[in-house]
Amino acid sequence: MLILAFDTATPAVTAAVHDGSRVLARKSAVDARRHGELLAPAISAVLRAAGAEPADLTSIAVGTGPGPYTGLRAGLVTAQVLGSTLGIAVDGICTLDIMARQARAGAAGREFIVATDARRGELYWARYSPEGERLTGPDVSLPAGLPAGYPAAGEGPLRYQGRADGGLDWASEPIDPRYPDAAILAALCAERINLGISPAQPIPLYLRRPDAREPGPPKRVTPVASGERVRR
């Protein structure tokens, strides 16, 4: 078993290689605007560090978000192209679930929230059991719309903590991690393979329309008596 895992749903671009029992290599960088530039070099770096070639891979695991459109799409398209080219399965796993696996220790036996930055002053979030099982979500909302009284992992509690407009009673106790780790994603994929769970389709969890919009139709121009034109 040799799994390549990566996630681009947050400002972190993270990649790892896992042999089914341990992590062989991992690499992460944080840059919210360079997912497309950073992902391919990261994949090459972890394969090289693991002493592996793309043809050696048996599975690919990719984070499916939720996340902003451009960054998330970079990871999912790369996973689909690699999977198709190499003829191997691609397993899509919710990015918040990846982070929840690591956040269990900080939650210390309590239910908790994972909340990542959705831009526009909003957060992507989900609520989890003490064991890291998702109870509600994923969803997107303003910080004040999140349930109160839970420890919270992710960038959300750090980004909005202390802001008067945040309504952040839920983030009074930030816990690790801030970003997903592809090593955790790879381990989750390995567990699923060992349990005989079929790979999930790598379907993106955008949760809302992308920030960019297609231009509308041209405005109609109507001549007026003076010979000038006005737009309506």
Side-chain angles (χ1 to χ4, degrees), residues 2-19 22-54 56-57 59-83 86 90-103 105-106 114-120 123-125 138 152-161 174-190 202 204-206 210-212:
L2 196 65
I3 302 166
L4 170 66
F6 49 88
D7 188 290
T8 59
T10 72
V13 175
T14 177
V17 174
H18 196 289
D19 69 359
R22 64 189 180 94
V23 178
L24 301 180
R26 70 210 300 175
K27 183 177 179 63
S28 296
V30 178
D31 191 325
R33 300 185 181 278
R34 298 180 61 217
H35 294 85
E37 297 175 46
L38 296 174
L39 180 57
I43 290 173
S44 296
V46 295
L47 286 173
R48 185 168 56 253
E53 299 288 339
D56 299 325
L57 297 172
S59 298
I60 293 172
V62 63
T64 59
Y69 180 84
T70 303
L72 179 55
R73 187 171 181 271
L76 289 169
V77 169
T78 300
Q80 291 167 343
V81 169
L82 283 174
L86 299 172
V90 177
D91 195 3
I93 298 177
C94 174
T95 299
L96 302 183
D97 292 352
I98 302 165
M99 298 173 67
R101 172 59 65 96
Q102 190 174 347
V114 177
T116 60
D117 185 23
R119 303 178 184 172
R120 303 186 194 173
L123 296 171
Y124 297 119
W125 67 278
E155 190 178 17
L158 300 174
R159 185 176 181 85
Y160 292 98
Q161 189 176 33
I175 58 175
D176 289 332
R178 182 169 184 171
Y179 301 117
D181 183 345
I184 304 298
L185 169 58
L188 285 171
C189 179
L205 296 168
Y206 293 127
D211 292 342

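Just so we're clear, the structure is a prediction, and the values are computed from it rather than from any experiment.
- The shortest non-hydrogen separation linking His35 to Asp31 is CE1-O, 3.9 Å.
- When every heavy atom of Ala152 is checked against every heavy atom of Pro157, the shortest pair comes out as O-CG, 3.5 Å.
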- Message: Test side chain to side chain contact (heavy atoms under 4.5 Å, CB included) on Tyr179 and Val30; report intermediate values, then the result.
- Response: CA-CA 9 Å; Tyr179 301 117; Val30 178; 3.7 Å; yes
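- Listed by chain and number, the residues in a salt bridge (charged side-chain N to carboxylate O under 4.0 Å, His left out) with Arg178 are Glu155 (sequence neighbours excluded).
- No side-chain heavy atom of Ile3 sits less than 4.5 Å from a side-chain heavy atom of Val17.
- Taken from CD1 in Ile98 to CG in Asp7, the straight-line distance is 4.5 Å, to the nearest 0.5 Å.
- Across every non-hydrogen atom of Ala45 and Lys27, the tightest pair is CB-CD, 3.8 Å.
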- Message: For Trp125 and Val114: C-alpha separation, side-chain torsions, deciding distance, then whether side chain to side chain contact (heavy atoms under 4.5 Å, CB included) applies.
- Response: CA-CA 5 Å; Trp125 67 278; Val114 177; over 6 Å; no
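- The main-chain N or O of Ala74 is never found under 3.5 Å from a side-chain atom of Thr8 such that the two would form a donor-acceptor pair.
- Nearest approach of Leu76 to Pro204, heavy atoms of both residues: CD1-CB, 3.2 Å.
- Rounding to the nearest 0.5 Å places OG1 of Thr10 at 9.5 Å from CG of Asp117.
- Side-chain atoms of Pro54 and Leu82, non-hydrogen and from C-beta on, never get closer than 4.5 Å to each other.
- Side-chain contact check for Val46 versus Arg48: every heavy-atom pair is 4.5 Å or farther apart.
- In this structure the side chain of His18 never reaches within 4.5 angstrom of the side chain of Cys189, judged on heavy atoms.
- Within the 4.5 Å cutoff, the side chain of Ile184 has no heavy atoms near those of the Met99 side chain.
- Between Thr95 and Thr64, the closest side-chain pair of non-hydrogen atoms is not below 4.5 Å.
- Rounding to the nearest 0.5 angstrom, the gap separating the CG atom in Leu185 from the CD atom in Gln102 is 12.0 Å.
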- Task: Go through Cys94 and Leu205 one step at a time and tell me if the side chain to side chain contact (heavy atoms under 4.5 Å, CB included) criterion holds.
- Result: CA-CA 8 Å; Cys94 174; Leu205 296 168; 4.1 Å; yes
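- Minimum interatomic distance between Gly67 and Tyr206 (heavy atoms only, all atoms of both residues): O-CD2, 4.1 Å.
- When all heavy atoms of Ala153 and Asp176 are compared, the closest pair comes out as CB-O, 3.9 Å.
- Taking CD1 of Ile93 as the reference point, atom CZ of Arg101 lies at 9.0 Å (rounded to 0.5 Å).
- Here the side chains of Val62 and Val90 are in contact, with some heavy-atom distance below 4.5 Å.
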- Could you go through the side chain to side chain contact (heavy atoms under 4.5 Å, CB included) check for Leu86 and Leu57 one step at a time? CA-CA 8 Å; Leu86 299 172; Leu57 297 172; 4.1 Å; yes
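- Side-chain contact check for Phe6 versus Thr14: every heavy-atom pair is 4.5 Å or farther apart.
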